[in-house]
Undergrad: 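Mind looking over this structure? Questions follow.
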Amino acid sequence: MKNITLQSLIVLALILLSVLSCDQNISKPKSKEKIDTQEPSNYAPTTFTKDTTKLWMAEGNIENDTVLIMGDGGPKNQLDYAYNGKIAWSYLNNFKNYYFVSLHQSTTYNLEIFNWKKSFDLEDGIKEINNSTEMMYRAIKYFKDRDKYVVVVGHSYSAFLIPHYLATKPSLADKYFMLNGRLNADSLQTYYQLKGFNSKFKSDGITLQEPDTTRGKNPFRTERYFKIRRASEMLKAGLGIRKFTEELADKNISNLVVCYGKRDQNVGALNEEEISFLKSKKVKIIAIDTDHYGVTRPIIEWLDEGTITF
């Protein structure tokens with residue numbers, strides 16, 4: 001009887017240990033469930049590495065004296081150069097004499113911007129505009145520190161970044177080209193951007209076509225599409241709320257060239273206030289009878305002809 005009792009006690013002890021072990025295992029999923037239900041963090045803001053050269057893609061001989069720093073339109077999630085390895089500026093007759101730099105903007109450098117989880121607001125847009133401008137500054141300084149002649153060319157969104165750079169950073173580059181940008185964005189267009197809506201101008205480049213804000217979301221659009229659109233509009237609005245004719249009033253911007261299409265349907269043509277201000281600052285203005293995308297080619301042709309120079 002004693003042996004049976006001892007065996008029973010051993011069995012009972014094993015059962016108790018098994019039950020305790022099960023209790024511990026059961027408690028683990030509860031802990032995980034608690035973590036999963038926490039509020040998700042928003043996107044990861046842009047941070048920079050110590051290697052400045054990670055801020056761009058490049059082509060050409062680094063020994064060339066002149067560096068062309070090119071900024072894409074957008075905001076985009078991929079550099080044009082990364083997409084097809086070629087840009088319109090490669091058609092310059094003496095392109096091989098330049099060191100070409102395709103500069104990142106915050107949204108091509110930090111892909112998390114278009115993957116925001118909670119929201120992407122104007123405050124986030126302003127922060128990432130500052131980061132894009134910081135990239136421009138670091139790129140220019142990198143090459144000026146190496147005694148290069150530096151030309152910055154910004155198209156569309158990057159053209160808006162140039163006056164932001166000139167207003168907030170030391171003007172280190174030798175020359176700046178704004179293509180299809182504005183000093184003062186159309187206030188009504190900015191109003192709709194702040195509401196998350198894109199808008200365009202009529203073919204006169206003056207009259208804004210107001211978007212229909214009453215329509216619901218297109219059910220055939222993906223959630224990512226709406227995330228990209230939301231972030232893009234906040235980034236554009238963060239530049240649109242500023243008035244660079246005022247911010248640049250005490251700056252020397254005579255090394256700036258502004259090229260625009262008279263029939264620009266994306267951002268509109270320059271208005272009289274902008275033109276008058278640029279003239280007062282001795283800025284070269286090139287108005288072309290074309291739309292938003294027709295400016296680059298004639299500029300390249302005139303550079304080849306020597307009508308305008310870097």
Side-chain angles (χ1 to χ4, degrees), residues 56-60 64-74 76 79-81 83-103 105 136 139-140 143 148-166 171 173-185 201 203-205 239 244 248 253-271 274-275 277-279 281-310:
W56 61 78
M57 297 180 71
E59 176 183 334
N64 289 341
D65 293 331
T66 301
V67 176
L68 299 184
I69 298 178
M70 304 289 183
D72 287 348
K76 292 185 175 179
L79 288 174
D80 288 345
Y81 189 75
Y83 178 72
N84 58 20
K86 191 175 183 180
I87 62 159
W89 291 89
S90 63
Y91 291 103
L92 276 167
N93 287 338
N94 55 349
F95 184 74
K96 66 180 184 300
N97 297 329
Y98 305 124
Y99 186 66
F100 166 73
V101 169
S102 179
L103 182 65
Q105 51 191 250
M136 188 177 289
I140 295 170
F143 290 107
K148 302 294 185 181
Y149 184 87
V150 177
V151 179
V152 179
V153 181
H155 163 68
S156 195
Y157 177 69
S158 289
F160 280 85
L161 288 173
I162 287 177
H164 184 273
Y165 170 87
L166 292 171
S171 177
D174 297 278
K175 210 154 192 178
Y176 303 87
F177 279 73
M178 278 178 62
L179 275 58
N180 317 300
R182 300 286 298 271
L183 293 181
N184 303 333
F201 292 81
S203 58
D204 61 4
L239 290 164
F244 291 110
L248 295 172
I253 56 172
S254 58
N255 58 346
L256 174 65
V257 178
V258 177
C259 315
Y260 73 97
K262 295 179 180 179
R263 297 181 279 108
D264 192 317
Q265 291 179 272
N266 289 51
V267 301
L270 296 186
N271 60 28
E274 293 168 290
I275 293 171
F277 172 79
L278 290 170
K279 287 180 177 179
K281 305 296 285 185
K282 298 183 174 10
V283 170
K284 185 175 182 62
I285 307 168
I286 302 175
I288 306 173
D289 188 22
T290 186
D291 60 14
H292 189 72
Y293 299 103
V295 169
T296 302
R297 184 167 181 174
I299 293 298
I300 291 173
E301 290 175 353
W302 292 332
L303 283 166
D304 283 339
E305 295 168 0
T307 306
I308 56 176
T309 61
F310 281 147

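Just so you know, these numbers use all the heavy atoms, side chains as well, and skip hydrogens, waters and symmetry mates.
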Undergrad: For the atom pair CZ (F95) and CG (N64), what is the distance rounded to the nearest 0.5 Å?
TA: 10.0 Å
Undergrad: Do you know the tightest heavy-atom contact between I299 and C259?
TA: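 Minimum heavy-atom separation between I299 and C259: CD1-SG, 3.5 Å.
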Undergrad: Give me the atom names and distance for the closest heavy-atom approach of A58 to Y99.
TA: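 Distance-wise, the nearest heavy atoms are CB-OH, 3.1 Å.
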Undergrad: Evaluate the side-chain proximity of V152 to L103: yes if any heavy-atom separation is below 4.5 Å, no if none is.
TA: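 SC-SC contact between L103 and V152 ruled out.
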Undergrad: Taking all non-hydrogen atoms of both residues, which atom of G261 and which atom of A269 are closest, and how far apart?
TA: O-CB, 3.7 Å
Undergrad: Answer whether the closest heavy-atom distance between the side chains of F160 and F244 falls below 4.5 Å.
TA: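 Of all side-chain heavy-atom pairs linking F244 with F160, none is under 4.5 Å.
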Undergrad: Under 4.5 Å between any side-chain heavy atoms of T307 and E301, yes or no?
TA: no
Undergrad: So, do K175 and V257 sit near enough that their side-chain heavy atoms are less than 4.5 Å apart?
TA: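 Answer yes - side chains close enough.
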Undergrad: At their closest point, which heavy atom of S171 faces which heavy atom of L166, and how far apart are they?
TA: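 Closest approach of S171 to L166, heavy atoms only: OG-CD2, 3.7 Å.
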Undergrad: Compare all side-chain heavy atoms of W89 with those of I300 and state whether any distance is below 4.5 angstrom.
TA: yes
Undergrad: To the nearest 0.5 Å, how far apart are CG in D72 and CG in D80?
TA: 4.0 Å
Undergrad: Measure the CG-CZ distance between N271 and F277 for me, rounded to the nearest 0.5 Å.
TA: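 So the gap between those two atoms works out to 12.5 Å.
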Undergrad: Once side chain to side chain donor-acceptor pair (under 3.5 Å) is applied, do any residues pair with Y81, and if so which ones, sequence neighbours excluded?
TA: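 Expected list: E59.
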Undergrad: Which atom pairs, one a donor and one an acceptor, fall under 3.5 Å between side chains of residues 287-298 and the rest of the protein, sequence neighbours left out?
TA:
| from | atom 1 | to | atom 2 | distance (Å) |
| --- | --- | --- | --- | --- |
| D289 | OD1 | R263 | NE | 3.1 |
| D291 | OD1 | Y293 | N | 3.1 |
| D291 | OD1 | G294 | N | 3.1 |
| H292 | ND1 | D264 | OD1 | 3.1 |
| H292 | ND1 | D264 | OD2 | 2.7 |
| H292 | NE2 | S156 | OG | 3.0 |
| Y293 | OH | N266 | ND2 | 3.1 |

Undergrad: To the nearest 0.5 Å, what is the distance between CD (Q105) and CG (L79)?
TA: 7.5 Å
Undergrad: Can you sort out the partners of D65 under salt bridge (charged side-chain N to carboxylate O under 4.0 Å, His left out), two or more places apart, ordered by chain and number?
TA: none
Undergrad: Between L248 and K281, is there a side-chain heavy-atom distance shorter than 4.5 Å?
TA: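 Not touching, per the 4.5 Å side-chain cut-off.
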Undergrad: Just wondering, more than 12 heavy atoms not from K284 lying within 6.0 Å of its NZ?
TA: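 Not buried by this count: 12 neighbours or fewer within 6.0 Å.
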Undergrad: Do any N or O atoms from the side chain of Y149 and from the backbone of F310 form a donor-acceptor pair under 3.5 angstrom?
TA: yes
Undergrad: Quick one: are V101 and V67 in side-chain contact, heavy atoms under 4.5 Å?
TA: yes
Undergrad: Rounded to the nearest 0.5 Å, how far does CG of L278 lie from CD1 of I253?
TA: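 Reported to 0.5 Å precision, the distance equals 6.0 Å.
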Undergrad: Looking at every non-hydrogen atom in both residues, tell me the closest pair between L161 and M136 and how far apart they are.
TA: CB-CE, 4.2 Å
Undergrad: So which of W56, Y98, F100 actually passes ring-ring contact (aromatic ring centres under 6.0 Å, His included) with F143?
TA: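 Among W56, Y98, F100, the one meeting ring-ring contact (aromatic ring centres under 6.0 Å, His included) with F143 is W56.
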Undergrad: Could you tell me whether the side chain of D304 reaches within less than 4.5 Å of the side chain of L92, counting heavy atoms only?
TA: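 In contact.
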Undergrad: Would you compute the distance between atom OG of S158 and atom CG of N180 and round it to the nearest 0.5 angstrom?
TA: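 The distance works out to 11.0 Å.
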Undergrad: List the steps, then state whether side-chain contact (heavy atoms from CB on, under 4.5 Å) holds for I275 with I285.
TA: CA-CA 8 Å; I275 293 171; I285 307 168; 4.1 Å; yes
